[in-house]
Novice: 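Sharing a structure here in structure tokens format.
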Amino acid sequence: MYATDELRHEHEIILHLIAALSSATEQLVAGKLINTADLADMVEAIRTFADNCHHGKEEDCLFPAMEAMGMSREMGPIGVMLHEHEMGRKFVRGMMNGLEDMKAGQSHQSFAENASGYVSLLASHIFKENNILFTMAEQSMSPAMHADLKEKFDSIERERIGEGVHEKIHADVHRWFDLYAEK
């Protein structure tokens, strides 16, 4: 088993999350009443699961392991992924600010623009990681390196999000997907 299998599985959850976010945002823009608490919870799931946990595993474990094998942090796939992680964080801050605008009775435009940008970015980002970066890691790392990464991933999950949070987010994502995503 590759450590990247775990990251790919998390990508599936993130893809469901952004599908729900995208559909809810489209419905919001179309004038449908959308529960803003759900939108806020989706953004928090992005911050907790996609960024803090998932991107944390990549930035603090996978990327340094690949760097130790000679891959550049600034150039190539790792540099691109790090740049896109930062772009994603800007979109998340924009969504959070947009939610505050909506709570204050202002337009949903800022939220919608940032949500759409995030969805587009992450869909492309995940494709690149799954098909380029992770394949490179799988081909170049030994089974022992993958086992070590898996242990580090488990530690990050315990320390950054805590017991049971991962499972709760998965359940929430499935609920949001069923509620908002187009069938």
Side-chain angles (χ1 to χ4, degrees), residues 1 3-59 62 81 84-85 87-131 134 150 153-183:
M1 181 180 132
T4 49
D5 292 339
E6 180 174 328
L7 299 174
R8 279 193 171 97
H9 173 71
E10 290 174 355
H11 278 167
E12 292 303 313
I13 300 300
I14 294 166
L15 288 168
H16 277 83
L17 174 55
I18 65 174
L21 176 64
S22 178
S23 186
T25 301
E26 289 171 7
Q27 292 172 41
L28 179 69
V29 169
K32 212 171 173 190
L33 287 178
I34 300 295
N35 184 344
T36 55
D38 281 347
L39 296 176
D41 289 345
M42 286 182 212
V43 173
E44 186 56 35
I46 289 167
R47 291 179 66 218
T48 302
F49 179 68
D51 192 33
N52 194 25
C53 182
H54 177 81
H55 290 162
K57 290 174 184 178
E58 293 171 346
E59 292 174 2
L62 178 64
M81 297 303 104
E84 290 180 359
H85 287 180
M87 289 173 56
R89 290 176 182 121
K90 288 179 185 175
F91 284 127
V92 169
R93 286 190 297 273
M95 284 187 280
M96 292 168 58
N97 291 337
L99 284 167
E100 290 301 316
D101 291 348
M102 290 167 59
K103 287 179 189 174
Q106 298 174 17
S107 169
H108 59 264
Q109 183 176 352
S110 175
F111 176 85
E113 288 174 359
N114 283 284
S116 296
Y118 184 81
V119 167
S120 178
L121 172 71
L122 259 283
S124 169
H125 178 81
I126 287 171
F127 180 85
K128 287 183 264 188
E129 283 186 341
N130 281 349
N131 295 289
F134 293 172
K150 176 68 173 106
F153 290 174
D154 292 345
S155 177
I156 283 179
E157 196 158 318
R158 277 190 311 275
E159 293 169 10
R160 294 197 184 167
I161 66 171
E163 287 291 319
V165 175
H166 196 122
E167 293 78 12
K168 181 191 178 313
I169 290 173
H170 284 209
D172 288 342
V173 167
H174 289 296
R175 180 176 55 81
W176 296 323
F177 186 82
D178 289 345
L179 187 60
Y180 296 109
E182 296 176 1
K183 310 267 188 286

Novice: For M102 versus S107, what's the shortest heavy-atom pair and its separation?
Specialist: CG-O, 3.8 Å
Novice: With a 4.5 Å heavy-atom cut-off, do Y118 and R89 have their side chains touching?
Specialist: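 Answer no - side chains too far apart.
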Novice: For the pair R8 (side chain) and N130 (backbone), establish whether a donor and an acceptor sit closer than 3.5 Å, ignoring hydrogens and angles.
Specialist: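 Present.
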Novice: Do you know the tightest heavy-atom contact between C53 and I156?
Specialist: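 What the structure gives for the nearest pair is O-CG2, 4.0 Å.
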Novice: Side chains of D172 and R175: closer than 4.5 Å at any heavy-atom pair?
Specialist: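 Result yes, sub-4.5 Å side-chain heavy-atom pair found.
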Novice: If you measure from OG on S110 to CD on E100, what distance do you get to the nearest 0.5 Å?
Specialist: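 Here the rounded value is 11.0 Å.
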Novice: Measuring from H174:NE2 to I169:CD1, what's the distance to the nearest 0.5 Å?
Specialist: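 The NE2 atom of H174 sits 12.0 Å away from the CD1 atom of I169.
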Novice: Would L39 and L28 count as a side-chain contact (heavy atoms from CB on, under 4.5 Å) here? Give the steps.
Specialist: CA-CA 10 Å; L39 296 176; L28 179 69; 4.2 Å; yes
Novice: Can a salt bridge be assigned to the pair K128 and E84 using a cut-off of 4.0 Å between side-chain N and carboxylate O?
Specialist: yes
Novice: Side-chain contact, heavy-atom cut-off 4.5 Å: E58 with E129?
Specialist: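 The answer is yes; the side chains approach within 4.5 Å.
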Novice: So, using ring pair (Phe, Tyr, Trp, His ring centres under 6.0 Å) as the criterion, who are the partners of H55 when residues are at least two apart?
Specialist: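 Counting only residues at least two positions away or on another chain, H55 forms a ring pair (Phe, Tyr, Trp, His ring centres under 6.0 Å) with H85, H125.
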Novice: Hey, mind stepping through L179 and D38 against side-chain contact (heavy atoms from CB on, under 4.5 Å) and telling me if it holds?
Specialist: CA-CA 10 Å; L179 187 60; D38 281 347; 3.6 Å; yes
Novice: Using only atom types and a distance under 3.5 Å, with no angle test, would you say the side chain of S22 pairs donor to acceptor with the backbone of I18?
Specialist: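 Pair absent, no side-chain N/O of S22 close to backbone of I18.
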Novice: Keeping the roles fixed (side chain from Q27, backbone from Y180), state whether a donor-acceptor pair exists under 3.5 Å.
Specialist: yes
Novice: Rounded at 0.5 Å granularity, tell me how far CZ in F153 sits from CG in D5.
Specialist: 10.0 Å
Novice: Rounded to the nearest 0.5 Å, what separates atom CG in N97 from atom CD in Q106?
Specialist: 11.0 Å
Novice: ring-ring contact (aromatic ring centres under 6.0 Å, His included): which pairs involve residues 88-115, sequence neighbours left out?
Specialist: none
Novice: State, with a plain yes or no, whether a side-chain heavy atom of I46 is found less than 4.5 Å away from one of L21.
Specialist: yes
Novice: Can you tell me if T48 uses its side chain to pair, donor with acceptor, with the backbone of E44 under 3.5 Å?
Specialist: yes
Novice: Mind checking whether K90 and N114 have side chains closer than 4.5 Å, heavy atoms only?
Specialist: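 No; the side chains remain at least 4.5 Å from each other.
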Novice: Between H11, E6, E59, which is the residue that forms a side-chain hydrogen bond (donor to acceptor under 3.5 Å, both in side chains) with H54?
Specialist: H11
Novice: Could you tell me whether Q109 atom CD has more than 12 heavy atoms of other residues or ligands within 6.0 Å of it?
Specialist: no
Novice: For V43 and L99, run side-chain contact (heavy atoms from CB on, under 4.5 Å): C-alpha distance rounded to whole Å, both residues' side-chain angles, the deciding distance at 0.1 Å, then the answer.
Specialist: CA-CA 10 Å; V43 173; L99 284 167; 4.1 Å; yes
Novice: For residues 153-166, pull every pair meeting side chain to side chain donor-acceptor pair (under 3.5 Å), keeping only residues two or more places apart or in separate chains.
Specialist: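 Residue pairs with at least one partner in residues 153-166: K57-E157, D60-R160, K150-D154, S155-E159, E157-H166, H166-H170.
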Novice: On a heavy-atom basis, which atom in S116 and which in T25 lie closest, and how many Å separate them?
Specialist: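 It is OG-CG2, 4.3 Å.
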Novice: When you compare the side chain of F49 with that of E10, does any pair of heavy atoms fall below 4.5 Å?
Specialist: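 In contact.
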